K.L.:
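Quick one: this structure, given as structure tokens, is what I'll be asking you about.
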Amino acid sequence: MSGTFLFDGQPVPFEDGQTILQAARAAGHYVPHLCWHPDFPAHGSCKLCIVKVAGRHVSSCAMPAKDGMEVESNTPEINGERRALLQMLFVEGNHFCPSCEKSGNCQLQALAYELEMLTPRFNHFFPDRPVDASHPDVLLDFNRCIFCELCVRASRDVDGKNVFALTERGIHKHLAVNAESGRLADTDFSAGDRAASICPVGVILTKRVGFASPIGARKYDAQPIRVVAMQEDE
Ligand code: SF4
Ligand code: FES
């Protein structure tokens, strides 16, 4: 079965089984997202992809497209809500971009620029989670995690290693390494793993390559994320 729905007033065709986000993207419409990745099933945690359908907010990465539905996405209201979600992510972690080597290549930062986030608006939580520099080739800064579980999924489903997990609940939720010591060096993780290059923010960092791209040549310097994301498989 296939059909058509309206995305911000534009007709978008879809095939049975496609979500709103997938169909919109295939038709050239960017929908902001952080926890969705084209190679993995929807996760539904970040909520950046929210759209409005018949007056209700839904996660477009998880909601199947339906014939005749009217979807609002790029509106001041929805973008304002997306901006608030980003602001919450910024204050929950230590996202101090000027000292982060992912700056310019970071999806969280690029989306904040895209959605014109000027201030964090809420009080900072200032978490204090020690970094893990035990591995010879990869550093982990747990204070920048946005809990998208992409590394968990990539390590488990692609690398077959199960190196990462999210543990505890609520505000105490954090990324953990599956080793008795909790140290990355005590796993079989390698810098060539899919999980090593999938983090959309600055948690999983390959050592000795940081700050290699000059300002102006970084991923999101010349074009905004809405353009870059549509050109590549992220
Ligand atoms: S470390 Fe990165 S990829 Fe893994 S859950 Fe956190 S933000 Fe997502
Ligand atoms: S991209 Fe849909 S909830 Fe994260």
Side-chain angles (χ1 to χ4, degrees), residues 18-25 29-53 56-65 71 73 78-79 81-82 84-86 88-90 92-95 97 100-102 105-112 114-115 127 129-132 135 138-159 161-168 172-178 182 184 187 189 191 193-206 225-226 229-230 234:
Q18 274 189 316
T19 61
I20 295 172
L21 186 148
Q22 285 170 324
R25 196 176 156 94
H29 301 284
Y30 172 70
V31 182
H33 58 84
L34 281 172
C35 69
W36 180 81
H37 187 290
D39 295 349
F40 294 90
H43 187 248
S45 63
C46 77
K47 301 294 171 222
L48 261 295
C49 70
I50 47 162
V51 294
K52 225 167 163 180
V53 179
R56 283 181 56 214
H57 288 84
V58 299
S59 300
S60 63
C61 69
M63 178 80 171
V71 178
S73 176
I78 305 281
N79 285 335
E81 289 164 353
R82 291 174 178 146
L85 290 166
L86 287 172
M88 290 182 212
L89 287 173
F90 268 85
E92 193 281 332
N94 290 338
H95 299 282
C97 304
C100 177
E101 66 192 76
K102 197 71 183 270
N105 299 309
C106 171
Q107 289 185 26
L108 178 69
Q109 182 194 49
L111 261 185
E114 169 74 31
L115 292 165
R129 308 176 193 125
V131 302
D132 179 347
H135 193 281
V138 176
L139 173 93
L140 300 177
D141 186 336
F142 297 98
N143 299 295
R144 300 172 182 154
C145 182
I146 57 168
F147 317 116
C148 68
E149 273 192 334
L150 277 168
C151 60
V152 178
R153 292 181 271 166
S155 183
R156 183 190 58 215
D157 304 339
V158 181
D159 303 328
K161 291 187 178 176
N162 247 329
V163 169
F164 299 107
L166 290 185
T167 184
E168 298 193 42
H172 302 295
K173 180 154 84 177
H174 62 93
L175 184 72
V177 170
N178 284 331
L184 193 62
T187 69
F189 190 71
D193 288 357
R194 187 75 204 282
S197 56
I198 203 155
C199 182
V201 294
V203 181
I204 305 173
L205 298 165
T206 307
I225 191 167
R226 70 166 46 244
M230 301 297 284
E234 296 160 87

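Order of listing sets the numbers, starting from 1, for every ligand and every atom in it. Source: prediction; values computed, not measured.
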K.L.:
Going by the order shown, which atoms of ligand 1 are within less than 4.0 Å of some heavy atom of V201?
P.N.:
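Counting atoms of ligand 1 from 1, those under 4.0 Å from V201 are 7 (S).
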K.L.:
Examine all N, O or S atoms of C151, backbone included, and report whether one is under 2.8 Å from atom 6 (Fe) of ligand 1.
P.N.:
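No, outside the cut-off.
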K.L.:
For ligand 2, which atoms have a heavy atom of K47 less than 4.0 angstrom away?
P.N.:
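Checking each atom against K47, I get 3 (S), 4 (Fe).
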K.L.:
Check whether any side-chain heavy atom of R144 lies under 4.5 Å from a side-chain heavy atom of H95, and answer yes or no.
P.N.:
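Answer yes - side chains close enough.
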K.L.:
Go through ligand 1 atom by atom and flag the ones less than 4.0 Å from a non-hydrogen atom of L175.
P.N.:
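Counting atoms of ligand 1 from 1, those under 4.0 Å from L175 are 1 (S).
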K.L.:
Can you sort out which atoms of ligand 2 are near W36, meaning under 4.0 Å from one of its heavy atoms?
P.N.:
1 (S)
K.L.:
Specify side chain, backbone, both or neither for C148, according to which of its non-hydrogen atoms lie closer than 4.0 Å to ligand 2.
P.N.:
neither
K.L.:
Taking only heavy atoms of C46, which atoms of ligand 2 are found under 4.0 Å from at least one of them?
P.N.:
1 (S), 3 (S), 4 (Fe)
K.L.:
Decide yes or no for R194 and D39: does some side-chain heavy atom of the first lie under 4.5 Å from some side-chain heavy atom of the second?
P.N.:
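In short, these two side chains touch, coming nearer than 4.5 Å.
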K.L.:
Any N/O/S atom, side chain or main chain, of H33 closer to atom 2 (Fe) of ligand 2 than 2.8 Å?
P.N.:
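No, since none of the N, O or S atoms of H33 sits under 2.8 Å from atom 2 (Fe) of ligand 2.
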K.L.:
Please state which part of P200 comes within less than 4.0 Å of ligand 1, counting heavy atoms only: side chain, backbone, both or neither.
P.N.:
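The answer is the side chain.
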K.L.:
In the protein, what heavy atom is nearest to atom 2 (Fe) of ligand 2, and what distance, to one decimal place, separates them?
P.N.:
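The protein heavy atom lying closest is C49 SG, 2.3 Å.
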K.L.:
Taking only heavy atoms of C199 into account, list the atoms of ligand 1 that are under 4.0 Å away from them.
P.N.:
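Listed by number with element: 1 (S), 2 (Fe), 3 (S), 7 (S).
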K.L.:
Just to be sure I read this right, does ligand 1 sit under 4.0 Å from the backbone of I146, its side chain, both, or neither, counting only heavy atoms?
P.N.:
both
K.L.:
Under 2.8 Å from atom 8 (Fe) of ligand 1, is there any N, O or S atom belonging to C148?
P.N.:
yes
K.L.:
Once you restrict to heavy atoms under 4.0 Å, what part of E149 touches ligand 1? Side chain, backbone, both or neither.
P.N.:
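Answer for E149: backbone.
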